[in-house]
Number of protein chains: 2
Amino acid sequence: MPTEAPTASRRRGELLERAILDAAWAEVLEVGYPKLTMEAVAARAQTSKPVIYRRWRTRAALVLAAMQHSLPGWDDLPDTGSLRSDLIALLQRVAHRFDLVPGDLIPGLITETFSDPESAAAVRAQITSFARARILRPVLQRAVARGEITTTEISPRLARLPFDLMRNESMIYGMPVSDAAIAEIIDEVVLPVLAATPRES
Amino acid sequence: MPTEAPTASRRRGELLERAILDAAWAEVLEVGYPKLTMEAVAARAQTSKPVIYRRWRTRAALVLAAMQHSLPGWDDLPDTGSLRSDLIALLQRVAHRFDLVPGDLIPGLITETFSDPESAAAVRAQITSFARARILRPVLQRAVARGEITTTEISPRLARLPFDLMRNESMIYGMPVSDAAIAEIIDEVVLPVLAATPRES
DNA sequence: CTCATTGGATACGTATCGTTTCTTACGGAG
DNA sequence: CTCCGTAAGAAACGATACGTATCCAATGAG
């Protein structure tokens with residue numbers, strides 16, 4: 001009787017890959033990004049360093065893949081009755097998503113990919129994935145239908161604005177973005193600028 | 001005749017401290033934050049590791065001190081004639097200040113101080129030093145005098161807004177913030193929200 | 001059944017860590 | 001001018017993780 005399951009059989013392909021990504025994500029959650037080592041990931045996944053290095057050339061690439069593998073997708077937001085409450089619900093959902101990611105991970109990835117434009121772009125794409133998720137769009141459409149605003153055609157900058165402010169808040173303070181901060185962002189910045197902008201004559 | 005000046009004499013106190021901070025800053029500029037090693041700093045400063053560790057317990061503390069030691073202060077902004085051009089000038093100055101700091105440094109410091117609240121707060125204080133510098137205040141005062149806005153009494157959130165957006169831009173893209181981005185920030189966000197906000201009755 | 005592929009174990013040399021030990025230069029007190 | 005406490009500086013420590021090379025065996029395709 002072996003004291004520990006000696007790796008029932010030798011894994012390959014998808015199965016092995018998922019095991020490594022799961023191990024990497026578990027390591028990030030447990031020890032944080034700066035203390036994550038390839039050796040620890042290999043040990044946790046019950047494999048060896050070369051197997052990992054064959055697939056991901058750097059720690060950053062591995063962890064980015066692990067993050068994409070582990071984070072859930074975006075569900076639709078229910079209609080909460082007003083633009084303001086829709087926005088609150090949206091940003092609270094963003095905040096909850098941030099909570100799934102250790103606070104040192106995003107800045108860590110930015111730092112380590114800084115001198116490699118390709119990986120830096122990959123990190124940036126992940127960070128700004130809100131844009132691709134088109135998560136703001138339905139909120140604006142409902143607001144137009146209610147007559148609260150006049151158009152969904154806002155500039156890219158404006159569409160980014162709430163998310164940029166959330167990301168900034170999260171990175172700077174390194175803790176969950178509070179409901180109070182969300183309310184500030186919406187009431188003092190987002191709603192005023194949405195109200196002011198599409199006023200054509 | 002010695003091939004290299006063998007450290008003319010043994011330095012102490014202020015002089016030594018400045019030499020170390022200068023060496024640390026030079027290293028950051030040369031190799032970037034992730035590749036900066038205490039040994040390299042010691043070598044460049046012509047001293048030894050224990051001397052550094054006696055003063056700063058971590059790499060992050062050393063580099064933060066080096067940054068504070070090396071960055072210039074804030075000069076007053078000349079009156080450029082309008083709120084918009086004043087804001088443009090202000091954010092361009094912020095952008096130039098960002099250019100003095102390698103793009104991987106701030107996220108690197110955030111990452112490494114993440115699990116030590118005290119150092120994290122020190123980093124945060126440095127990052128948000130715009131607030132303490134009260135650099136926005138005179139711009140608003142002049143705008144009030146011109147009749148462009150009605151009050152300088154804006155909320156802390158609004159006072160942070162331009163800087164938060166600049167910082168976000170800089171961290172995400174890891175390159176100098178373009179004049180186009182500055183113009184977007186001002187024309188699509190800051191000015192509209194300033195115009196919309198202090199409208200009482 | 002055979003064989004090319006690739007997982008997995010191991011070990012290598014290197015780099016840097018943070019600390020310890022020891023010597024010696026400096027500079028203030030008397 | 002001398003003495004002596006303080007701190008600089010050199011060297012070496014064990015530890016850890018790096019990224020790579022080598023080797024063997026399990027696997028699955030044909």
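Only a predicted model underlies this, so the values are computations on that prediction, with no experimental measurement involved. Within every chain, numbering begins at 1; the chains are lettered A, B, ... in the order of the sequence lines, protein sequences first and strands thereafter.
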Practice problem: With side-chain hydrogen bond (donor to acceptor under 3.5 Å, both in side chains) as the test, would you mind laying out the steps for A:Asp104 and B:Thr111 before giving the verdict? | Solution: CA-CA 5 Å; A:Asp104 53 5; B:Thr111 305; over 6 Å; no

Practice problem: Could you tell me whether A:Arg93 sits above the aromatic face of A:Trp74, with NZ or CZ closer than 6.0 angstrom to the six-membered ring centre and within 45 degrees of the axis? | Solution: no

Please report the distance, rounded to the nearest Å, between [atom1] in [X] and [atom2] in [N].
X	N	atom1	atom2	answer
B:Glu39	D:dA11	CD	P	13 Å
A:Ile20	C:dG8	CD1	P	8 Å
A:Arg59	D:dC18	CZ	P	7 Å
A:Leu15	D:dA26	CG	P	18 Å
B:Leu36	C:dG18	CG	P	12 Å
B:Trp56	C:dG18	CH2	P	15 Å
A:Lys35	C:dC17	NZ	C1'	14 Å
A:Glu112	D:dC18	CD	C1'	13 Å

Exercise. State which of C:dT19, D:dC18, C:dG18 makes the closest approach to the side chain of A:Tyr53.
Key: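 It is D:dC18.
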
Exercise. Tell whether A:Lys49 reaches the base of D:dG19 with its side chain through a donor-acceptor pair below 3.5 angstrom.
Key: yes

Self-check item: Result of checking A:Arg160, A:Arg167, A:Arg124 against B:Glu169 for salt bridge (charged side-chain N to carboxylate O under 4.0 Å, His left out)
Solution: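 Only one of A:Arg160, A:Arg167, A:Arg124 forms a salt bridge (charged side-chain N to carboxylate O under 4.0 Å, His left out) with B:Glu169, namely A:Arg160.
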
Self-check item: Exercise: do A:Thr152 and A:Gln141 side chains pair donor with acceptor under 3.5 Å
Solution: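 Per modelled atom types, A:Thr152 and A:Gln141 side chains form no pair under 3.5 Å.
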
Quiz item: Any luck finding a side-chain donor-acceptor pair between A:Ser119 and A:Asp116 under 3.5 Å?
Solution: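 Yes.
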
Self-check item: Min side-chain heavy-atom separation B:Phe98-B:Met166 under 4.5 Å
Solution: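 With C-beta onward as the side chain, the pair touches.
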
Practice problem: Go through B:Asp164 and A:Asn168 one step at a time and tell me if the side-chain hydrogen bond (donor to acceptor under 3.5 Å, both in side chains) criterion holds. | Solution: CA-CA 7 Å; B:Asp164 284 348; A:Asn168 175 73; 3.2 Å; yes

Can you name the atoms? Protein N/O to nucleotides 5-7 of chain C N/O, anything below 3.5 Å, with the distance.
| from | atom 1 | to | atom 2 | distance (Å) |
| --- | --- | --- | --- | --- |
| C:dG7 | OP1 | A:Arg55 | NH2 | 2.9 |
| C:dG7 | OP2 | A:Arg54 | NH1 | 3.3 |
| C:dG7 | O3' | A:Arg11 | O | 3.3 |
| C:dG7 | N7 | A:Arg54 | NH1 | 3.3 |
| C:dG7 | N2 | A:Arg10 | NH2 | 3.3 |
| C:dG7 | N3 | A:Arg10 | NH1 | 3.1 |

Exercise. By nearest nucleotide on DNA chain D, pick out whichever of B:Ala45 and A:Ala40 is the more 5' one.
Key: B:Ala45

